[in-house]
Amino acid sequence: MAHTEWRDAPELPDFSLLKRLARDQLIFLLEQLPGKKDLFIDSDLMSPLDRIANVTILKQHEVDKLYKVELKPIVSSSDQLCFLIRPRIQTVKWISDLVNADKVAGRFRRYKIIFTPQKFYACETVLEEQGVYGDVTTDEWNFYILPLDDDILSLELPEFFRDNFLEGDQRWVTTAGSALHLLQSVYGSFSKVYGIGRCAKMVYESWRELMEEGEQRTRQPEFAKVFLVDRDVDFVTPLCSQVVYEGLVDDLFRIKCGKQFYITGSLCRSCLKHVYVFSEIRNEHFSNVFGFLSQKAKNLQTAYDKRRGMDIQQMKAFVSDELKGLKQEHRLLSLHIGASESMMKKKTKQDFQELLKTEHSLLEGFEIRECITYIEEHINRQVSMIDSLRLLCLLSITENGLLSKDYRSLKAQYLQSYGIKHLLTFANLRQLGLLEEQQAGETLTVMESKVGKLVNDKTVGKLTDAFSSLAKKSNFRALSKRLALVPKSGEEYDLRVPRDMAYVFSGAYIPLSCKLIEQVLERDGWTGLEEVTRMLNGQEFAVTARNKTDAQRIVLVMFLGGCTFSEISALRFLGKERDTYYVQQMEYMVNIKLSI
């Protein structure tokens with residue numbers, strides 16, 4: 001297996017405290033509506049809520065029936081209705097319609113709306129415009145962070161990426177700042193804060209304002225440093241196909257709120273992540289997993305075979321001490337073997353191997369014409385709508401935009417294959433900088449690189465700003481060379497004993513986001529990375545806490561806009577190499593389907 005035992009590992013904070021705080025506040029809010037009540041829950045809150053306060057706990061606090069918000073007439077007969085919702089205009093209008101319908105019918109009920117993670121002025125304005133502001137009570141449940149695993153925290157905000165990076169709606173910035181403030185209040189101050197990206201800077205400012213307003217407590221910190229990184233700093237990583245086991249499980253079966261849903265035959269089961277089989281293979285390259293599971297199956301069979309030749313006392317001890325555990329292990333092993341077989345069937349097909357080869361060629365900058373031919377074939381055969389888009393975006397970013405003739409041809413073929421409705425998709429991707437057509441100004445990048453050798457760094461910075469105003473560039477090729485993101489072609493890479501974070505992409509590419517984190521923490525700042533930050537459009541910062549204290553070797557990495565399981569596995573690998581724990585916090589797991 002790729003990962004050896006981690007000795008002298010720092011002890012992680014007890015994140016169950018965050019669950020208890022959220023549960024206690026929710027119970028307090030529910031008890032403010034005394035008596036039996038029906039609870040309506042936003043669909044994307046049902047899974048997170050189950051991890052905080054399950055049905056049994058809700059029933060104990062006089063919640064009679066639970067309903068999912070479906071934006072249609074309700075069938076509840078209760079005289080008290082409570083709504084646990086995200087602060088969305090559409091949902092608030094639906095609630096207003098329900099209240100007004102009850103008024104017309106002459107029915108009196110009590111209504112309470114609990115917004116989470118916070119309520120916005122726009123929602124209260126809608127209640128006022130609909131004439132029901134005085135008929136409902138509103139409150140907010142400050143449910144900022146959900147622990148998904150020992151080292152993963154999530155804000156569970158699937159709309160964060162689209163709202164912030166596409167729509168320019170910055171309403172979730174204060175939510176992210178409040179989440180950091182909560183972590184600091186519970187687990188102590190951070191000794192140093194690093195960040196890169198416009199959103200990261202705004203989140204830090206929001207957090208700093210909360211620190212200045214609040215009471216400063218001195219306690220032994222449990223985190224050493226925090227690193228804030230915008231998703232748009234590194235779009236390449238989420239566009240690459242995942243090949244670590246946990247990433248593939250998410251691609252094929254979806255991991256939602258810390259649970260996997262496996263389809264084995266006609267049986268659908270859910271499997272909690274906190275089981276030892278999964279913890280041993282989750283970060284592995286999928287090519288190593290099946291052999292590991294086969295060995296586990298042999299060991300399990302050997303343990304079962306021990307019962308042969310036992311006397312009555314030995315058999316009794318075996319049944320009471322070992323049999324239950326062996327059956328549980330057998331069940332979990334069967335699930336993972338079933339999942340692995342599904343992966344092997346799909347991922348060892350020629351289509352997938354060709355897909356990986358094309359991705360690796362794009363990352364290396366080789367055989368671009370052949371890559372375009374493959375993408376055209378992929379689109380015309382309608383292999384996968386999402387994979388075709390991923391390849392188009394990866395081609396655009398790595399090549400600093402598409403030539404006009406290629407852009408128009410590929411766009412036309414895509415629309416013919418998947419429908420004219422995707423014109424909006426192309427517009428959105430263009431606005432995000434994911435899929436662009438090269439402009440005339442792009443040719444100036446060659447001149448810029450030559451001029452840069454003749455002048456000092458300060459002048460280069462000014463020139464870079466000027467050239468950037470002519471054309472927005474991804475600079476992936478230059479970044480890749482500067483940070484050695486793509487190992488030299490032809491080098492042997494042993495995926496069973498990886499030497500760096502590139503193993504998460506079969507040795508072909510080190511995630512840019514993770515490489516940045518590694519470099520900044522090694523240098524204790526951005527010194528020496530000026531050229532890199534200039535190519536990433538700046539917005540970097542590093543702040544030292546006033547009261548610097550010794551802390552454990554634990555770093556909090558906050559991805560603003562979501563992250564991938566490949567990045568999580570890469571940071572776990574880096575942590576073991578450096579004897580440091582990296583706790584990942586994100587708004588949501590990145591899925592290209594959410595971005596369009």
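Here the structure is a predicted model, which means the values were calculated and not measured.
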**Asked** Backbone N or O of Met202 within a donor-acceptor pair of the Ser206 side chain at under 3.5 Å?
**Response** no
**Item:** Stepwise side-chain contact (heavy atoms from CB on, under 4.5 Å) check, Val557 with Ile517
**Value:** CA-CA 8 Å; Val557 180; Ile517 292 163; 3.5 Å; yes
**Message:** Looking at Ser191 and Ala224, would you say the former's side chain and the latter's main chain have a donor-acceptor pair under 3.5 Å?
**Reply:** yes
**Item:** Stepwise side-chain contact (heavy atoms from CB on, under 4.5 Å) check, Leu389 with Thr425
**Value:** CA-CA 10 Å; Leu389 269 184; Thr425 299; 3.8 Å; yes
**Message:** If you take the centroid of each ring, where Trp contributes its six-membered ring, are Trp207 and Phe190 closer together than 6.0 Å?
**Reply:** yes
**Minimum side-chain heavy-atom gap Lys93-Val126 below 4.5 Å** = yes
**Complete:** Given the options Val55, Leu39, Ile57, Val63 meets side chain to side chain contact (heavy atoms under 4.5 Å, CB included) only with Leu39
**Request:** Look at the rings of Tyr509 and Phe505 and say which category their plane angle falls in: under 30° parallel, 30 to 60° tilted, over 60° perpendicular.
**Result:** tilted
**Check: Val132 and Ile95 side chains under 4.5 Å, non-hydrogen atoms** = no
**Prompt:** Are side-chain heavy atoms of Val244 and Glu284 found at a separation under 4.5 Å?
**Reply:** no
**Residues Arg88, Asp44: salt bridge by 4.0 Å N-O rule** = yes
**Message:** Looking at every non-hydrogen atom in both residues, tell me the closest pair between Arg231 and Ser513 and how far apart they are.
**Reply:** NH2-OG, 4.3 Å
**Prompt:** Run the ring pair (Phe, Tyr, Trp, His ring centres under 6.0 Å) check on Tyr111 and Phe83 step by step: do they pass?
**Reply:** CA-CA 8 Å; Tyr111 311 92; Phe83 302 89; 7.0 Å; no
**Item:** Flag side-chain contact, heavy atom, 4.5 Å: Pro147 against Lys19
**Value:** yes
**Message:** Determine whether the aromatic ring centres of residues Phe541 and Tyr194 are separated by less than 6.0 angstrom.
**Reply:** no
**Prompt:** Distance-only, no hydrogens or angles: does the Gln25 side chain make a donor-acceptor pair with backbone N or O of Asn142 under 3.5 Å?
**Reply:** yes
**Request:** For the residue pair Leu180 and Leu556, establish whether any side-chain heavy-atom pair is separated by less than 4.5 Å.
**Result:** yes
**Fill in**
Heavy-atom nearest pair, Leu248 first then Gln242, reads CD2-O, 3.2 Å
**Prompt:** What is the distance from atom CG of Leu98 to atom CD1 of Ile74, rounded to the nearest 0.5 Å?
**Reply:** 5.0 Å
**Request:** For residues Phe165 and Gly561, report the shortest heavy-atom separation together with the two atoms involved.
**Result:** CE1-CA, 4.0 Å
**Request:** Take Asp135 and Asp102 through the test side-chain contact (heavy atoms from CB on, under 4.5 Å) and record every step on the way to the result.
**Result:** CA-CA 11 Å; Asp135 300 303; Asp102 282 347; over 6 Å; no
**Side-chain (Asp24) to main-chain (Ile27) donor-acceptor, under 3.5 angstrom** = no
**Prompt:** Are Lys201 and Glu205 within salt-bridge range, i.e. N to O under 4.0 Å?
**Reply:** no
**Asked** Just wondering, do Leu560 and Val229 contact through their side chains at under 4.5 Å, heavy atoms?
**Response** no
**Ion pair Glu518/Lys515, N-O distance below 4.0 Å** = yes
**Message:** Would you call the rings of Phe15 and Phe223 parallel, tilted or perpendicular, taking 30° and 60° as the class edges?
**Reply:** parallel
**Message:** Using every non-hydrogen atom in the two residues, find where Ser43 and Lys68 come nearest and quote the distance to one decimal.
**Reply:** CB-CD, 3.6 Å
**Request:** Tell me, yes or no, whether the heavy-atom count around Glu70 atom CD, taken from other residues, nucleotides or ligands under 6.0 Å, exceeds 12.
**Result:** yes
**Item:** Closest approach of Ile89 to Cys123 (non-hydrogen atoms, all atoms of both residues)
**Value:** CD1-N, 4.3 Å
**Request:** Fit a plane to each ring of Trp141 and Phe143, take the angle between them on a 0 to 90° scale, and name the class: parallel (under 30°), tilted (30 to 60°) or perpendicular (over 60°).
**Result:** parallel
**Message:** Looking at Asp151, is its backbone amide N or carbonyl O close enough to the side chain of Asp149 to form a donor-acceptor pair, meaning the two atoms are under 3.5 Å apart?
**Reply:** no
**Asked** Does a side chain donor of either Thr237 or Asp234 reach within less than 3.5 Å of an acceptor in the other side chain?
**Response** yes
**Message:** Using modelled atom types and a 3.5 Å cut-off, is there a donor and acceptor pairing between side-chain atoms of Arg23 and backbone atoms of Ile52?
**Reply:** yes
**Message:** Is the shortest side-chain heavy-atom distance between Cys514 and Phe573 below 4.5 Å?
**Reply:** no
**Message:** Working to the nearest 0.5 angstrom, can you tell me the gap between Ile85 CD1 and Leu45 CG?
**Reply:** 9.0 Å
**Request:** Run the salt-bridge test on Arg572 and Glu567 with the 4.0 Å N-O cut-off and return the result as yes or no.
**Result:** no
**Message:** Could you measure the distance from the CG atom of Leu66 to the NZ atom of Lys59? Nearest 0.5 Å is fine.
**Reply:** 6.0 Å
**Message:** Can a donor-acceptor pair be found, under 3.5 Å and without considering hydrogens, that links the side chain of Lys72 to the backbone of Val69?
**Reply:** no
**Request:** Report the distance from atom OH of Tyr67 to atom CG of Leu81, rounding to the nearest 0.5 Å.
**Result:** 9.0 Å
**Message:** Closer than 3.5 angstrom, by distance alone: can the side chain of Gln80 be matched with the main-chain N or O of Asp38 as a donor-acceptor pair?
**Reply:** no
**Asked** Which value, rounded to the nearest 0.5 Å, describes the distance between Asp251 atom CG and Ser241 atom OG?
**Response** 7.5 Å
**Request:** Begin with the C-alpha distance, continue with both residues' side-chain angles, and end with the deciding distance and a verdict on ring pair (Phe, Tyr, Trp, His ring centres under 6.0 Å) for Trp172 and Phe120.
**Result:** CA-CA 10 Å; Trp172 300 117; Phe120 295 127; 5.5 Å; yes
**Message:** Looking at Asp230 and Ala200, would you say the former's side chain and the latter's main chain have a donor-acceptor pair under 3.5 Å?
**Reply:** yes
**For Thr137, all residues meeting side-chain contact (heavy atoms from CB on, under 4.5 Å), sequence neighbours excluded** = Lys112
**Message:** For Arg109, is there an ion pair with Asp79 - N to carboxylate O distance below 4.0 angstrom?
**Reply:** no
**Asked** Do the side-chain N and O atoms of Glu140 and Thr116 include a donor-acceptor pair separated by under 3.5 angstrom?
**Response** no
**Item:** Side-chain donor-acceptor pair present, Glu128, Thr125, cut-off under 3.5 Å
**Value:** no
**Fill in**
Closest heavy-atom pair, Leu12 versus Asp150, reported as atoms and distance to 0.1 Å, is CD1-O, 3.4 Å
**Asked** After noting the C-alpha distance and the side-chain angles of Leu58 and Leu49, does the key distance pass the side-chain contact (heavy atoms from CB on, under 4.5 Å) rule?
**Response** CA-CA 10 Å; Leu58 296 175; Leu49 180 63; 4.2 Å; yes
**Prompt:** With a cut-off of 6.0 Å (strictly less than), are more than 12 heavy atoms of other residues, nucleotides or ligands near NZ of Lys36?
**Reply:** no
**Message:** Looking at Asp64 and Lys37, is any side-chain nitrogen of the basic one under 4.0 Å from a carboxylate oxygen of the acidic one?
**Reply:** no
**Item:** Side-chain (Glu246) to main-chain (Asn283) donor-acceptor, under 3.5 angstrom
**Value:** no
**Asked** Trp94 vs Phe40 aromatic rings, parallel, tilted or perpendicular, using cut-offs 30° and 60°?
**Response** perpendicular
**Asked** Would you say the side chain of Met46 lies within less than 4.5 Å of the side chain of Asp50, judging by non-hydrogen atoms?
**Response** no
**Complete:** d(Thr564 OG1, Asp250 CG) to nearest 0.5 Å is 9.5 Å
